[in-house]
Amino acid sequence: MRLQTKILSKEELQDKICVIVGTRPGIIMFSPIIRELKKTKYKFFVIHTGQHYSYNMDKKFFEDLNLPEPEYKLENIKNCKFHGEQTAKMLEGIEKILLKEKPKIVLVGGDANCNLAGALAARKLHIKVGHVEAGERSYDWRMPEEHNRRMIDHISEYLFCTNEKSKQNLLKENVLGKIFVTGNPIVDAAYQNREIAKKNSNILKQWNLKEKDYFILTTHREENVDSKENLENIILGMKNVCRKFRKKVIFLAHPRTQKRIEQFGLNELIKFIPNFIMKDAIGYLDFINLLSNAKLVFTDSGGVQQEACIFKVPCVTLRENTEWVETIELGVNILAGTNPDKIVNCAEKMLLFEGKWGEPFGDGKAAERIVYIISKEVISWKVWD
Ligand code: UD1
Ligand code: UDP
């Protein structure tokens with residue numbers, strides 16, 4: 001009987017790059033990298049792990065960002081209920097594709113389960129791993145994202161960091177891979193799309209909003225929305241905010257949050273808060289248009305904290321900690337947690353913010369740098385004309 005080999009040899013690997021996406025922020029983060037790869041003659045392919053699947057969390061982003069259909073899409077991930085199960089199903093699906101395609105490097109970005117699955121699948125087959133947005137830490141061991149990003153960083157050959165802070169975090173942990181400070185492609189995406197959003201998005205008109213006269217809210221973190229107490233507190237905080245500042249608050253509810261609101265019976269509470277308007281999550285162009293024209297943003301999202309800083313919108317973070325400590329140091333973001341009174345106090349402080357914004361996440365050229373580094377380090381042929 002012939003023994004099945006479980007790893008790929010160096011000679012078997014081909015000059016090909018694999019990009020893993022699976023969630024809303026992953027699609028956004030990789031959009032400038034995919035755009036950059038398309039300018040070269042590299043062979044690359046995209047695996048969509050299917051972690052996010054609703055139209056407004058997935059396909060809408062491919063449309064807004066003008067991205068090609070992924071070459072591979074995993075099925076039935078949406079039925080997974082647990083982290084292990086979800087990660088394992090994606091790992092298995094990705095491994096099968098990697099065995100067929102044999103790329104030299106797999107790129108993952110951020111800290112969602114799909115990225116751990118991709119990195120692990122590659123590592124086990126002896127394919128190199130590149131981690132975009134490496135080195136972020138919240139030091140909050142409750143967060144599934146903290147587990148994922150730590151594991152990914154320690155099994156990656158190439159660590160593409162947002163800034164010096166992320167690099168220092170990695171150095172402290174003695175990671176084995178090579179560290180590069182490239183900036184974060186979320187900045188590239190924001191810069192590449194802000195004018196397009198201004199032109200193409202009618203969301204303010206559609207929702208009858210005036211520039212700098214409304215607030216927005218996004219919340220989806222497991223620690224917040226899977227706890228009835230925390231989710232209810234956030235909503236009560238918004239009730240206080242609506243009452244005190246007499247501004248509209250547009251709540252863009254992630255599907256996970258919508259399901260929890262239903263399950264915890266919080267719909268009635270939301271309905272009776274004047275000026276509190278709950279909507280489904282929206283596409284990227286509408287979102288960056290809405291965000292950049294908002295007076296203030298409340299969020300527990302990592303990406304939205306960054307974008308608030310990029311678009312110079314003061315931010316109140318509904319968490320006890322953040323990876324993006326640079327925004328706290330700059331004073332453009334404040335940690336409120338979920339206490340309703342603290343949320344209002346923090347909003348009041350941030351409305352008075354008049355400091356300098358800075359550009360802690362990069363200059364919009366992260367994708368270019370990442371692709372260049374890959375060309376030097378991994379791919380053996382010259383690819384640019
Ligand atoms: C995941 C990431 C989180 C990231 C977020 C981006 C992990 C551990 N978490 O969280 O780091 O910030 O994506 O949004 O990987 N759902 C839908 N439709 C969708 C997606 C989700 O209905 O398209 C619902 C489903 O009920 C699903 C639940 O939301 O079970 C949670 O989705 P999941 O992808 O597991 O986690 P997120 O909260 O989206
Ligand atoms: N976003 C969006 N529509 C929305 C809310 C957010 O397009 O209704 C985008 C936003 O621009 C940001 C990204 O989603 O880039 C953040 O994703 P999310 O909050 O789901 O995840 P995180 O960044 O916390 O991992």
Side-chain angles (χ1 to χ4, degrees), residues 21-31 48-61 63-65 77-87 89-90 108-118 133 136 138 142-149 151-152 184-190 193-194 197 201 203 216-226 250-263 278-292 294 297 299-311 313 317-319 322-324 361:
V21 299
T23 60
R24 166 171 78 179
I27 301 166
I28 296 166
M29 179 185 291
F30 271 113
S31 65
H48 189 317
T49 69
Q51 182 172 343
H52 284 179
Y53 50 89
S54 302
Y55 172 75
N56 64 341
M57 298 294 289
D58 173 20
K59 188 126 204 314
K60 177 74 178 131
F61 290 83
E63 291 169 4
D64 275 13
L65 292 159
I77 305 300
K78 68 175 168 195
N79 301 325
C80 300
K81 292 210 163 34
F82 300 100
H83 287 292
E85 181 192 12
Q86 190 187 52
T87 310
K89 276 244 162 66
M90 294 190 284
V108 298
D111 48 27
N113 287 343
C114 57
N115 301 307
L116 176 63
E133 202 179 89
E136 298 309 325
S138 65
R142 292 173 308 161
M143 297 177 70
E145 294 84 359
E146 185 73 3
H147 314 158
N148 290 342
R149 56 172 88 99
M151 290 190 270
I152 299 169
N184 194 311
I186 197 173
V187 181
D188 309 20
N193 291 289
R194 61 185 164 188
S201 161
I203 199 80
I216 63 177
L217 163 70
T218 83
T219 174
H220 72 280
R221 288 256 97 79
E222 183 170 277
E223 319 80 74
N224 280 346
V225 304
D226 284 11
I250 311 295
F251 174 18
L252 299 162
H254 186 291
R256 175 188 202 127
T257 313
Q258 292 196 18
K259 285 174 188 166
R260 293 303 184 209
I261 287 171
E262 194 70 44
Q263 183 190 341
M278 184 164 91
K279 300 272 188 190
D280 290 340
I282 53 179
Y284 182 65
L285 296 179
D286 279 336
F287 184 78
I288 59 172
N289 193 24
L290 196 70
L291 173 63
S292 52
V297 57
T299 193
D300 59 14
S301 156
V304 177
Q305 285 177 68
Q306 288 177 275
E307 287 165 348
C309 179
I310 296 165
F311 292 118
V313 179
T317 292
L318 306 169
R319 288 174 49 186
T322 179
E323 305 75 35
W324 304 113
F361 305 121

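Sequence positions, counted from 1, serve as the residue numbers for this chain. Both ligands and their constituent atoms are indexed starting at 1 by order of listing.
For Gln86, every heavy-atom contact with ligand 1 shorter than 4.0 Å involves the side chain, none the backbone. Proximity of Pro144 to ligand 1, defined as any heavy-atom pair under 4.0 Å, is confined to the side chain (atoms from C-beta onward). Contacts between His52 and ligand 1 below 4.0 angstrom, taking non-hydrogen atoms only, involve backbone and side chain alike. Residue-level proximity to ligand 1 for His83 is carried by the side chain, the only part with a heavy atom below 4.0 angstrom.
The closest protein non-hydrogen atom to atom 13 (C) of ligand 2 is Ile28 CD1, 3.7 Å. The protein non-hydrogen atom at the shortest distance from atom 30 (O) of ligand 1 is Tyr53 OH, 4.8 Å. Summary of contacts: the protein heavy atom closest to atom 3 (C) of ligand 1 is Glu145 OE2, 3.2 Å. Closest to atom 15 (O) of ligand 1, if we only count protein heavy atoms, is Asn113 N, 2.7 Å. In this structure, atom 28 (C) of ligand 1 lies nearest to the protein heavy atom Arg256 CB, 3.9 Å. The closest protein non-hydrogen atom to atom 23 (O) of ligand 2 is Gly303 N, 2.7 Å. Among protein heavy atoms, atom 24 (O) of ligand 2 sits closest to Gly302 N, 2.9 Å. The protein heavy atom nearest to atom 11 (O) of ligand 2 is Glu307 OE1, 2.7 Å. Atom 20 (O) of ligand 2 has Arg24 NH2, 2.8 Å as its closest protein atom, hydrogens excluded (heavy atom only). The protein heavy atom nearest to atom 25 (O) of ligand 2 is Pro25 CG, 3.5 Å. The closest protein non-hydrogen atom to atom 34 (O) of ligand 1 is Gln51 NE2, 3.1 Å. Regarding atom 18 (N) of ligand 1, its nearest protein heavy-atom neighbour is Ser54 OG, 2.7 Å.
When the heavy atoms of Ala189, Gly26, Ser301 are ranked by distance to atom 16 (C) of ligand 2, first place goes to Ser301.
With a 6.0 Å radius and a threshold of 12 heavy atoms from other residues, nucleotides or ligands, Lys89 has its NZ atom at or below the threshold.
Not one N or O of Asp300 is nearer than 3.5 Å to an N or O of ligand 2, by distance alone. For a threshold of 3.5 Å applied to N or O pairs, the pair formed by His254 and ligand 2 contains no separation below that value. Taking only nitrogen or oxygen atoms, main chain and side chain alike, Ala281 does not reach within less than 3.5 Å of ligand 2. For Ile282, a nitrogen or oxygen atom sits less than 3.5 Å from a nitrogen or oxygen atom of ligand 2, counting backbone and side chain alike.
Near Phe61, the atoms of ligand 2 lying under 4.0 angstrom from a non-hydrogen atom of the residue are 2 (C), 7 (O).
A salt bridge is defined here as a Lys NZ or Arg NE, NH1 or NH2 lying under 4.0 Å from an Asp or Glu carboxylate O, and Glu323 with Arg149 meets this definition.
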